[in-house]
Structure formats: C-alpha cells, structure tokens
Protein chains: 2
Amino acid sequence: MKQSDRDRSVRLLWEPDAQTAREPKAALTRARVVDAAIKVADAEGVDALTMRRVAETLGFTTMSLYRHVPGKSELLDLMVDAVWGETEHAPAGPWREGLEFFARQMWSMYRAHPWMLQLTTSRRMPGPHAMTRQDAAYAAVSELGLRSEEIVAVVTTVAHFVDGVGRTMADRVRSERETGVSEEDWWNGREALWEHFTPDRLPMMTHIWNSGGFERPLDEFEFGLARVLDGLAVFIDAEDRPLVRRETCL
Amino acid sequence: MKQSDRDRSVRLLWEPDAQTAREPKAALTRARVVDAAIKVADAEGVDALTMRRVAETLGFTTMSLYRHVPGKSELLDLMVDAVWGETEHAPAGPWREGLEFFARQMWSMYRAHPWMLQLTTSRRMPGPHAMTRQDAAYAAVSELGLRSEEIVAVVTTVAHFVDGVGRTMADRVRSERETGVSEEDWWNGREALWEHFTPDRLPMMTHIWNSGGFERPLDEFEFGLARVLDGLAVFIDAEDRPLVRRETCL
DNA sequence: ACACCTGGTGTACGACGTAAACAGCGCATG
DNA sequence: CATGCGCTGTTTACGTCGTACACCAGGTGT
C-alpha cells in the first residue's frame, strides 16, 4: 500500500532505467515523457501541465504515459530531479565562494524553471541529483571546523533565502503569463487599488512610492545574498557560537 | 472583463462589507464563508479546500457560497488577508527589534496557517491587512537614513528568508498530515532510500548523518533569522553602501 | 504451435469549479 | 391588501482533471 508506493518512487528515482533490459522496442520512454512534461511546464506553467497535454505534445494518447510513469505525482518527482540534474557541480574553494555558487545555481535553476518552486512545495521524494547538489553545498563549508548541525544550518539558511526570493520571482513570472500583462503595467492599471493607499493608512508605503523606491528597486537576489553571506561570516568568525536547537518538530 | 474582475477583487478586499446596508437577512455571510474556509484549510490542508467541502461544513449547498463570494480565487484572497489581520501591529523601537518582530509575526502566522505559503504562491491581490503589516515593517527601518530602495530591500530580505523557512516547515506539516506519519518515522521507514546514501555518492551527507547532524538539528528559524539580521547590521553600519539595481524584470 | 508479456488505445468514473435556471422570501410600491 | 422585484439559497448540468480497467496488436520463450 503506502509503503510499497513510496518504495516504488524511491526505485523510480534512484535506480537506473532498467526498462530497456530486453529491447528498446518502446517508441515512448520515461525520459521522453519527463522531457516533454518539463517543456510543457516551462512554456505554459505547471497549471497547464496535465497528462492529456503532455501526451498531446508527444503525439500519443493520454493513457500511454501510464506505461512509463506510475502517475502524475511520480512524474513531478522525476521532473524535479531531472532539473536538478541540469545544474553544475560546485568547484572546490573557500566557503563563501562555494555557498555563493550553490545559491546562484539554485537561482538560475529557478529562473529557468519557475514551476520548481510550486512542485517542491509538495511532499516530493528527494532524488539523486538534488541530493548530490546538497552534498556539494555541505562540502563547501566542511573545512571550517563547524559542528555538523551547524553545517546543516548554514547551508539551509542560504537555501531558504533563495527559495524565498525565488518564490516571489516565480509568482511574478506566472502572473505575467496568466494575465498577459507585465508586472508594472498591472500595478499601474490598479487605480481602484491606489485609491486606498493613502498616507494616513499606509504612511511608509506612500512615502516610498513618492520617493521612487518601488520604481527603481535593488536586485533582491544580489542584495539579499550578500547580506545573508555577511551574516554567516559573522557567525563563522565568532569565537563562541551559541546553539539553539530545534525544540518542536513543526 | 479582466479589468472589471480585478477591480471587483479590489473592492472586495479593501471596501467595508456593504452587504448589510439593508438588513442582515442572510443566514450566510461573507465573513462566515471565509471563516469556514480558513478552518477547513487549517484542519485538512489547502488541497482539501473545495467549495463543496466549505459548504458542507456550513450546512449549505455548494452554490450558496457563490452568493457571498465571486469565486474560489477571490475566496482565497479574502482568506489570506483575514489571516494577516490576525497578526499584531509592530511596536515602535530600534530597527533590529522591529524587523525581528515582523519576522516572528510572519513565522507564527505561517505556523498557525501553513497553507498561506501555498496560496501566496498564486497571483494574489494584496489586501489591506497585509499591506498594513508591510508598512509597519518599513517603518521599523525608517529612521536609519537609508534610501527608500534600501528600505524595501532590507525588509524584503527578511521576508524572503521567513518565506523560505516557512515553506519547508509547511511541507513538513503537510506530509505528516497526508501520510499520517511523522517526518522522522517517514525517513526512518525509507530503507530503500538509505541504501543509496553511500559515502562515495554522498560523502558529506553520510558524514553528517553519522555524526548526528540531522538528528539534533538547530532551530532553522532562529538560526537563520539571527544570521540575516547580523548581515543587515553589517550593511546598515557600513559607511558606503553599494547599489545593485535590478536589471531584469524577471 | 501456443501462451505470454509489453506497449499503446478507448471508454468510463468520480471529483472539481461554476454557469444557468429556478424557488421562496421580504420589502416598496400600487 | 395585492403585486412585482430583488436577494438568498437550491438544483441541475457541463467541461476538465487524474486514472482504473478492458482491450488489442505484435514480438518472444517454450
């Protein structure tokens, strides 16, 4: 039941494609299905990613996909790990460069495939490519004499930041595709909304608006990444580092 | 068409409930619908949040909801802003305390309603409560003599971090509900997965695992928040601050 | 020769969001 | 009081989704 389902997912992701043991007599392959699904998601967003749509782009019937992929959920797992597989391995070097490389890898991955952030929101199964990249990120800070919990915490802090900034970026991309209207035009067209942005209700926002703070924003990724790495540097260079363990699971 | 739809959403969110102008003759109200929807999402997750399910908990038919809410998308907008309305206003004080308060508000909001992070992933319409909290966050750093772009960048950096850590937390909560199995038990039950975690494939991960780094993790939120604020302090205390503007829209 | 597996097809079902037509009620107007 | 209108809730129905299931064609092992 559940157990076997999950183990099947593990096998699907981690074990090499054994289907061609006999003969490559199949016109359709798992790789082709995953590839087509990624292309659909890239072009039309994850909401348009239906089994029918994927099959259509391949020129097969919907149900033919199920001969190569157990279900949509597992197809999503495979897509996510395939995209992680596109990223490069981090080179050896000082910790800050290594973490920065890791962050930029994630960032460019999210930019190329914004739907990733919607899929990893689900209970996804970790795949080999994702784990390999994570391992490389841990390796970047392995020479600093940190406790292993600290290594994990440092890397996840960076990952969380990139996730967060990627999420807003992905939202922007999606809105633009869905409405067919650019972010800027959209906001400019919301006169009904601006009426409510009065200085007494939202003093700081109107001030920032009037002084052009929203029109010429800083690069959110570059700015934030520099700050996060600065903050980690403060931690790493400190003599004694306080430990705050997680007390709750949630 | 689109324009009028969007403006209707604005009115829905920003203008006071005018429906009781005549008489409160309706058994169902918008507030009750939104409230029931939030309860369903809290208890069963946003995937279980269907119009049929909300109507059922209220003891009405599905279509009755549409007398009070234009559609599901707008209901989600209303839910998001209602939850923002539950948070407290930031008190005045030094910048670091103010930002920390803002971050902790978001964090506890996400912990109480993990589905928020799945909903804000969509092209949501900003509501008054969300904007008020954001305004207060800007106010926290308003006395530092920063340029207004910098004010925005500082606050969004914190928000992005909390979003990122909230997202992983929300995933954990969701997995546990869906599978009925705790995070720890789930991982422990994945022998099929552990087989692939060999030192030659994932040297750092196996090392961290063996030294207990995953078993006794640090508090991701506390750790990361402290680092992010440290990094912002470095920026704020610096004499000259480089400007990196956003060059692309995406 | 045969049964068997493997890969692709066609049909069908239940759940979803919601459009549209309808029914009962309270009120303002004759 | 009667009448008709507008608001609230109901019923039915449609199109789309994931996918279970039965079917079929052709290559393979015995």
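Values below: all heavy atoms of this structure, side chains included; hydrogens, waters and symmetry mates excluded. We name chains A, B, ... by the order of the sequence lines, and we start the count at 1 in each one.
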Practice problem: Under the side-chain contact (heavy atoms from CB on, under 4.5 Å) rule, collect the residues that match up with A:Pro70, sequence neighbours excluded. | Solution: A:Arg8, A:Leu12, A:Glu74
Quiz item: Less than 4.0 Å between a side-chain N and a carboxylate O, is that true for B:Asp35 and B:Lys39?
Solution: yes
Quiz item: Between B:Glu86 and B:Arg133, is there a salt bridge with N-O shorter than 4.0 Å?
Solution: no
Quiz prompt | Residue list, side-chain contact (heavy atoms from CB on, under 4.5 Å) with A:Glu88, at least two apart or on another chain | solution = A:Phe101, A:Gln105
Practice problem: Quickly work out the A:Arg67 CZ to D:dA25 C1' distance and round it to whole Å. | Solution: 13 Å
Practice problem: Return yes if a side-chain donor-acceptor contact under 3.5 Å exists between B:Thr132 and B:His89, otherwise no. | Solution: no
Exercise. Taking side-chain contact (heavy atoms from CB on, under 4.5 Å) as the test, write out the residues that go with B:Pro128, two or more places apart.
Key: A:Arg201, B:Leu13, B:Trp14, B:Asp81
Exercise. Kindly state which residues belonging to residues 36-43 of chain B come within less than 4.0 angstrom of DNA chain C, counting heavy atoms of the residue only, listed by number.
Key: none
Quiz prompt | Distance test, side-chain N/O of A:His68 to OP1/OP2 of C:dG8, below 4.0 Å | solution = yes
Quiz item: Could you give the CD-to-P distance, from A:Glu56 to C:dT9, as a whole number of Å?
Solution: 14 Å
Quiz item: Quick one: B:Leu65 CG to C:dC16 P, roughly how many Å, whole number?
Solution: 13 Å
Self-check item: Nearest-Å distance for atom pair CZ/P, residues B:Phe60 and C:dG24
Solution: 17 Å
Quiz item: Within the structure, does a side-chain N or O atom of B:Thr61 lie under 4.0 Å from either OP1 or OP2 of D:dT10?
Solution: yes
Exercise. Kindly compute the distance separating CG (A:Leu58) from NE2 (A:His68), expressed to the nearest 0.5 Å.
Key: 9.5 Å
Quiz prompt | Set of side-chain contact (heavy atoms from CB on, under 4.5 Å) partners for B:Asp47, sequence neighbours left out | solution = B:Gln118, B:Arg174, B:Glu178
Self-check item: Gap between atoms CZ and P, on A:Arg30 and C:dT6 respectively (whole Å)
Solution: 14 Å
Exercise. Heavy atoms under 4.0 Å is the rule here; annotate nucleotides 12-19 of chain D 5' to 3' with B where the base is hit, S where only the sugar-phosphate is, and - elsewhere.
Key: B----BBB
